Visitor: 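Below is the structure I would like to discuss, written out as structure tokens.
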Amino acid sequence: MPKAGITPRAQDYSQWYLDIVREADLADYAEIVRGSIVFKPTGYAIWEAIQSGLDLRIKATGHVNAYFPLLIPKSLLLKEAEHVEGFAPEVAEVTRVSGVELAEPYVIRPTSETIIGYFYAKWIRSWRDLPLLINQWANVVRWEMRTRPFLRTTEFLWQEGHTVHATEEDAERETLLILHDVYGDFLENEMAIPVIKGLKTEKEKFAGALRTYALEAMMQDGRALQAGTSHNLGQNFAKAFDITFSDQNNTIQVAWTTSWGVSTRLIGALIMVHSDDEGLVLPPRIAPTQVVVVPIYKNEAEKVSVMATVARLTAEWKGRIRFKVDGRDNLSPGFKFNEWELKGIPIRVEIGPKDVAKETVAVARRDRPGREGKSFIPQAGLTEHLIELLADIQQSLFTKALKFREEHTFFATNLAELQAAVEQGFARCYWAGSKEDEQRIQTDFKATIRAIPFDQPPTPGPCVLTGQETTQQVIFARAY
RNA sequence: CGGGGCGUGGCUCAGCCUGGUAGAGCGCCGCGUUCGGGACGCGGAGGUCGGUGGUUCAAGUCCACUCGCCCCGACCA
């Protein structure tokens with residue numbers, strides 16, 4: 001039974017997504033600021049959980065955090081030709097202050113390669129200064145044409161890593177380290193989102209990059225969402241910003257740089273991968289609250305004994321389970337059950353007079369909504385049971401998402417199959433086409449090459465478009 | 001930016017065609033009864049009708065402009 005206020009996915013997937021955002025109280029429209037949202041406390045708490053999981057991994061791989069200015073002199077942005085061209089349409093400028101025209105306008109950063117490049121050129125003198133491994137948590141502004149809460153907003157929050165290396169190999173190793181050990185590990189193990197990792201085509205790569213690697217996830221409507229990118233910038237930015245160093249032989253060398261980022265879009269991915277028609281579903285490792293306790297009583301005497309039991313049981317949870325007790329007196333238990341399901345709390349524990357008498361509790365798991373996911377278990381050993389259950393929910397969410405992706409991925413040998421596949425999910429196929437061919441597929445089928453996956457076949461086959469023999473397979477999909 | 005739809009109490013919407021001074025349900029506040037899957041009764045508060053300008057004796061209603069949101073498309077994390 002779908003919740004009041006939530007459009008079923010099958011009826012209108014876009015509307016379902018917006019309903020979840022509103023009903024789970026994640027965000028509010030900042031209708032006075034075009035394309036912007038307010039991250040409400042529940043939505044921001046999810047971002048904080050994402051931040052802490054990523055920050056841990058970013059630091060574990062040797063990076064440190066810093067912060068660079070929001071405003072970038074316009075002249076700096078213009079230094080890398082391909083980069084300018086890529087971002088020009090979506091850059092906002094500050095041209096006047098107090099009514100007076102500025103001698104040189106500033107742009108609000110759409111990303112920080114340019115201003116960071118300027119400072120890196122100042123800071124780096126010797127091979128001993130390398131590698132330089134810095135990350136920043138920041139907001140950026142891109143004036144996109146069409147916005148959607150979390151998935152694409154005018155201003156968004158993200159982290160952007162910017163590193164400098166002495167050799168091309170080092171830069172490439174860094175780019176892949178981030179892709180696998182930071183993003184891939186975090187997405188799959190913390191967010192329970194299975195990803196396809198691979199290389200972007202020339203058409204899809206970051207403006208100014210040598211090559212771009214990305215992680216692509218499948219949403220429940222079969223569309224792809226780029227969850228993160230890691231760019232090997234080669235020497236393009238180093239040349240434009242004069243990032244050079246003296247090597248061991250005292251020869252001046254141009255450095256190699258990388259950049260990589262994930263954004264608050266991940267919250268959108270989280271919603272679209274796991275949630276259902278009952279509301280939000282949060283993986284336990286990301287959920288700001290993992291267990292909610294709903295006490296049940298109908299008079300003061302029952303309240304006293306129930307709350308005593310709640311206090312005794314939850315005392316053991318501190319430091320092991322993130323939980324809260326819903327002590328609101330004005331709402332019925334049934335209302336609370338529905339509300340916490342809507343908000344995606346992984347486990348609900350109900351404790352009433354019968355449980356006090358029988359030394360049991362009712363435990364409901366969110367990944368199986370309604371009464372179906374509810375069982376009565378003894379109070380003895382409850383803490384361990386809940387911890388195991390959280391791990392089980394985490395695992396089953398990942399397994400379910402992976403199964404969905406596999407069931408919606410099809411191998412295409414011709415254009416008709418390719419079209420049919422991208423209407424359902426991902427199309428995997430041999431590809432030897434040009435950039436123009438890729439554009440044609442996009443025009444005809446609304447699908448783009450999301451990735452050239454790392455796992456490639458041992459044997460060649462005919463290109464889905466040209467028929468030419470090739471060993472390269474790609475993933476086509478409609479994308480967010 | 002192009003095509004379509006929509007802005008009226010916190011939310012969902014009616015009223016607009018055919019101008020006459022604003023309504024419903026839910027929510028909210030108070031009191032009481034309730035409480036194991038979205039409780040009920042009684043009483044109450046709450047709206048310069050997205051904004052600006054115009055037409056008119058009179059505008060939520062008609063006209064123009066503008067801002068924002070949603071859907072589809074092109075651009076993108």
Side-chain angles (χ1 to χ4, degrees), chain A residues 1-5 7 12-15 17-19 22-23 28-37 85-91 110-111 139-160 183 200 204 206-207 212 214-216 225-231 259-269 278-279 294-300 302-303 306 328-342 348-358 360-362 364 369-374 376 439 442-443 446 448 478-480:
Chain A
M1 176 80 84
K3 292 284 187 287
T7 307
D12 184 342
Y13 194 81
S14 286
Q15 191 56 51
Y17 175 79
L18 295 167
D19 290 346
R22 184 190 64 247
E23 293 294 318
D28 194 8
Y29 286 100
E31 59 271 343
I32 50 171
V33 187
R34 198 203 99 105
S36 296
I37 59 170
E85 197 187 328
F87 280 100
E90 49 197 68
V91 168
T111 178
N139 57 339
V140 291
V141 167
R142 296 182 188 176
W143 219 263
E144 301 288 354
M145 292 179 176
R146 185 172 164 198
T147 58
R148 292 153 74 85
F150 297 119
L151 297 173
R152 177 164 299 105
T153 46
T154 301
E155 175 186 359
F156 58 95
L157 308 180
W158 76 345
Q159 59 68 217
E160 48 179 324
Y183 296 158
K200 285 284 178 185
E204 296 285 323
F206 176 75
T212 291
L215 305 98
E216 294 283 331
L225 186 136
Q226 180 173 298
T229 47
S230 185
H231 315 291
S259 71
W260 28 274
V262 300
S263 73
T264 38
R265 159 179 270 197
L266 287 184
I267 298 172
E278 313 297 316
V294 177
I296 297 158
Y297 45 80
K298 50 174 167 281
N299 55 50
E300 197 55 31
E302 284 184 359
K303 180 175 178 177
V306 165
R328 293 175 295 178
D329 256 338
N330 54 329
L331 298 171
S332 70
F335 182 90
K336 293 178 182 176
F337 299 166
N338 283 284
E339 176 167 300
W340 295 119
E341 273 174 18
L342 187 57
R348 183 181 69 248
V349 172
E350 306 165 16
I351 303 177
K354 294 174 199 165
D355 297 303
V356 173
K358 292 192 288 189
T360 58
V361 298
R371 287 200 179 82
E372 190 195 323
K374 195 144 123 177
F376 292 86
Q439 180 59 49
Q442 181 175 359
T443 308
K446 300 179 200 161
T448 49
R478 294 181 178 166
Y480 276 95

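None of the values given here were measured: they were computed from a predicted structure. Residue numbers start from 1 in every chain, and the chains themselves are labelled A, B, ... in the order their sequence lines are given, proteins ahead of strands.
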Visitor: Using a 4.0 Å heavy-atom cut-off across all strands, classify A:Leu151 as base, sugar-phosphate, or nothing.
Guide: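 Base: the residue A:Leu151, judged by heavy atoms under 4.0 Å, touches a nucleobase.
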Visitor: Report the distance from atom CG of A:Asp329 to atom C1' of B:G32, rounded to the nearest whole Å.
Guide: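 That distance rounds to 15 Å.
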Visitor: Give me the distance, rounded to whole Å, that separates B:G60 from B:G25 when you measure between the P atoms they each carry.
Guide: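 Each nucleotide's P atom is 24 Å from the other's.
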Visitor: Write down the distance separating the C1' atoms in B:C69 and B:U8, rounded off to the nearest Å.
Guide: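 Straight-line distance between the two C1' atoms is 15 Å.
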Visitor: Take atom CD of A:Glu144 and atom P of B:C69, then tell me their distance rounded to the nearest Å.
Guide: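 So the CD-P distance, A:Glu144 to B:C69, works out to 14 Å.
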Visitor: Quick one: which of B:C75, B:G68, B:C35 gets closest to the side chain of A:Arg34?
Guide: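 Among the listed nucleotides, the one closest to the side chain of A:Arg34 is B:G68.
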Visitor: Between B:C57 and B:G19, how many Å separate the two P atoms, rounded to a whole number?
Guide: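 The same atom, P, in both gives a distance of 15 Å.
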Visitor: Quickly work out the A:Phe376 CZ to B:G37 C1' distance and round it to whole Å.
Guide: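 Computing the A:Phe376:CZ to B:G37:C1' distance gives 11 Å.
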Visitor: Students often get this wrong, so: under 4.0 angstrom with heavy atoms, is A:Gln226 touching a base, only sugar-phosphate, or nothing?
Guide: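 Sugar-phosphate contact only.
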Visitor: If the P atom of B:U21 is compared with that of B:C6, how far apart are they to the nearest Å?
Guide: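 Their P atoms lie roughly 26 Å apart.
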Visitor: Counting distance only, does the side-chain N/O of A:Thr212 pair as donor-acceptor with the main-chain N or O of A:Phe206 below 3.5 Å?
Guide: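 Yes, the answer is positive, given that a donor and an acceptor are paired below the 3.5 Å cut-off.
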Visitor: Check every atom of B:G37, B:A77, B:G38 against the side chain of A:Phe337 and return the nucleotide holding the closest atom.
Guide: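 Closest of the options to the side chain of A:Phe337: B:G37.
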Visitor: Side-chain N or O of A:Gln442 less than 4.0 angstrom from OP1 or OP2 on B:A74?
Guide: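 A:Gln442 to B:A74 OP1/OP2: no side-chain N or O under 4.0 Å.
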Visitor: Looking at B:C70, B:C75, B:C35, which one has an atom nearest to any side-chain atom of A:Ile296?
Guide: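 When the side chain of A:Ile296 is considered, B:C35 is the closest of B:C70, B:C75, B:C35.
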Visitor: Distance check needed: B:G10 C1' versus A:Arg22 CZ, whole Å only.
Guide: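 Interatomic distance, CZ of A:Arg22 to C1' of B:G10: 13 Å.
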Visitor: If you check every side-chain atom of A:Arg146, which of B:A74, B:G37, B:A77 has the closest atom?
Guide: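 Comparing B:A74, B:G37, B:A77 against the side chain of A:Arg146, the answer is B:A74.
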Visitor: Which whole number of Å gives the distance between the C1' atom of B:A22 and that of B:C40?
Guide: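 So the two C1' atoms sit 29 Å from each other.
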Visitor: According to ring-ring contact (aromatic ring centres under 6.0 Å, His included), who are the partners of A:Tyr13, at least two apart in sequence or on a separate chain?
Guide: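 So A:Tyr13 forms a ring-ring contact (aromatic ring centres under 6.0 Å, His included) with A:Trp16.
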Visitor: Say whether, by atom type as modelled, one donor and one acceptor occur between the side chain of A:Arg328 and the main chain of A:Lys336 under 3.5 angstrom.
Guide: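 Checking the backbone N and O of A:Lys336 against the side chain of A:Arg328, no donor-acceptor pair under 3.5 Å is found.
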Visitor: Can you tell me how far C1' of B:C72 sits from CD of A:Gln15, to the nearest Å?
Guide: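 So the two atoms are 14 Å apart, to the nearest Å.
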Visitor: Is there a side-chain contact between A:Glu350 and A:Phe337, using heavy atoms and a 4.5 Å cut-off?
Guide: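 Of all side-chain heavy-atom pairs linking A:Phe337 with A:Glu350, at least one is under 4.5 Å.
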Visitor: Atom CD of A:Gln439 to atom P of B:G73: distance rounded to whole Å?
Guide: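 So the two atoms are 15 Å apart, to the nearest Å.
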Visitor: Pairing check on B:C42: which nucleotide meets the Watson-Crick or G-U wobble criteria with it, both distances under 3.5 Å?
Guide: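 Paired with B:C42, as far as the under-3.5 Å criterion goes, is B:G30.
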Visitor: Measure CD/A:Glu350 against P/B:C35 and give the value in whole Å, please.
Guide: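 Going from A:Glu350 (CD) to B:C35 (P), I get 16 Å.
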Visitor: Between B:G23 and B:C70, how far apart are the P atoms? Round to whole Å, please.
Guide: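 B:C70 and B:G23 have their P atoms separated by 32 Å.
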Visitor: Any side-chain N or O of A:Ser14 below 4.0 angstrom from OP1/OP2 of B:C72?
Guide: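 Checking B:C72 against A:Ser14, a side-chain N or O does come within under 4.0 Å of OP1 or OP2.
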Visitor: Any donor-acceptor pair under 3.5 Å linking the side chain of A:Thr153 with the backbone of A:Pro149?
Guide: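 Side chain of A:Thr153 to backbone of A:Pro149: no pair is present.
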Visitor: Of the listed nucleotides (B:C72, B:A77, B:G38), which one gets closest to any side-chain atom of A:Arg148?
Guide: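 When the side chain of A:Arg148 is considered, B:C72 is the closest of B:C72, B:A77, B:G38.
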Visitor: Could you check which of B:C35, B:G38, B:C75 has an atom nearest any side-chain atom of A:Met145?
Guide: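 For A:Met145, the side-chain atoms sit closest to B:C75.
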Visitor: Is the number of heavy atoms from other residues, nucleotides or ligands under 6.0 Å of A:Glu85 CD greater than 12?
Guide: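 Count not over threshold, so no.
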Visitor: On a whole-Å scale, what distance lies between the P atoms belonging to B:G5 and B:C42?
Guide: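 Looking at atom P only, B:G5 and B:C42 are 43 Å apart.
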Visitor: Under a 3.5 Å cut-off for both contacts, is B:C69 paired Watson-Crick or G-U wobble with anything, and if yes, with which nucleotide?
Guide: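 Pairing partner, where one exists within any strand: B:G5.
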Visitor: Does A:Ser332 put a side-chain nitrogen or oxygen below 4.0 Å from OP1 or OP2 of B:A39?
Guide: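 Looking at the OP1 and OP2 atoms of B:A39, one of them is under 4.0 Å from a side-chain N or O of A:Ser332.
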Visitor: Counting only distance, no hydrogens or angles, is the base of B:G36 paired donor-acceptor with the side chain of A:Arg371 under 3.5 Å?
Guide: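 Not at all, since no donor on one side and acceptor on the other fall under 3.5 Å apart.
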Visitor: Hey, is A:Phe156 doing a stacking thing with B:A77, by the 5.5 Å centroid and 30° angle criteria?
Guide: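 Here A:Phe156 meets both the 5.5 Å and the 30° conditions.
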Visitor: Any N or O donor-acceptor pair under 3.5 Å from the base of B:G37 to the side chain of A:Glu341?
Guide: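 Donor-acceptor pair under 3.5 Å: yes.
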Visitor: With a 3.5 Å limit on both atom pairs, tell me what B:C16 is paired to, counting Watson-Crick and G-U wobble, or say none.
Guide: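 Partner of B:C16: none found under 3.5 Å.
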Visitor: Nearest heavy atom decides the nucleotide; on that basis, is A:Thr443 or A:Lys336 closer to the 5' end of RNA chain B?
Guide: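 On the 5' side of the pair lies A:Lys336.
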Visitor: Can you tell me the pairing partner of B:U61 across any strand shown, Watson-Crick or G-U wobble, with both distances under 3.5 angstrom?
Guide: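 Pair assignment: B:U61 / none.
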Visitor: Consider the side chain of A:Phe335, meaning its heavy atoms from C-beta on, and name the nucleotide among B:G38, B:G37, B:A74 that approaches it most closely.
Guide: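 Of all the options, the side chain of A:Phe335 is nearest to B:G38.
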Visitor: Hey, is the main chain of A:Ile351 close enough, under 3.5 Å, to the side chain of A:Tyr297 for a donor-acceptor pair?
Guide: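 Looks like no, no N/O pair under 3.5 Å.
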Visitor: Identify whether any heavy atom of A:Ala227 sits under 4.0 Å from a base atom; if not, whether one sits that close to sugar-phosphate; answer base, sugar-phosphate or nothing.
Guide: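 Nothing, no nucleic acid heavy atom in range.
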Visitor: Say whether, by atom type as modelled, one donor and one acceptor occur between the side chain of A:Glu339 and the main chain of A:Phe335 under 3.5 angstrom.
Guide: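 No, the answer is negative, given that no donor and acceptor are paired below the 3.5 Å cut-off.
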Visitor: Whole angstroms only, please: what is the CD-C1' distance between A:Glu23 and B:G38?
Guide: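 One finds 12 Å between C1' of B:G38 and CD of A:Glu23, rounded.
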Visitor: Once you apply a heavy-atom cut-off of 4.0 Å, does A:Lys446 come out as touching a base, just sugar-phosphate, or nothing?
Guide: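 Sugar-phosphate, backbone atoms only, no base.
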Visitor: What interatomic distance, in whole Å, is found between P of B:C75 and the corresponding atom of B:A59?
Guide: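 Going atom to atom, P in each nucleotide, I get 48 Å.
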Visitor: Using Watson-Crick or G-U wobble geometry with both distances below 3.5 Å, tell me the partner of B:A74, or none.
Guide: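 Its partner is none (no Watson-Crick or G-U wobble pair with both distances under 3.5 Å).
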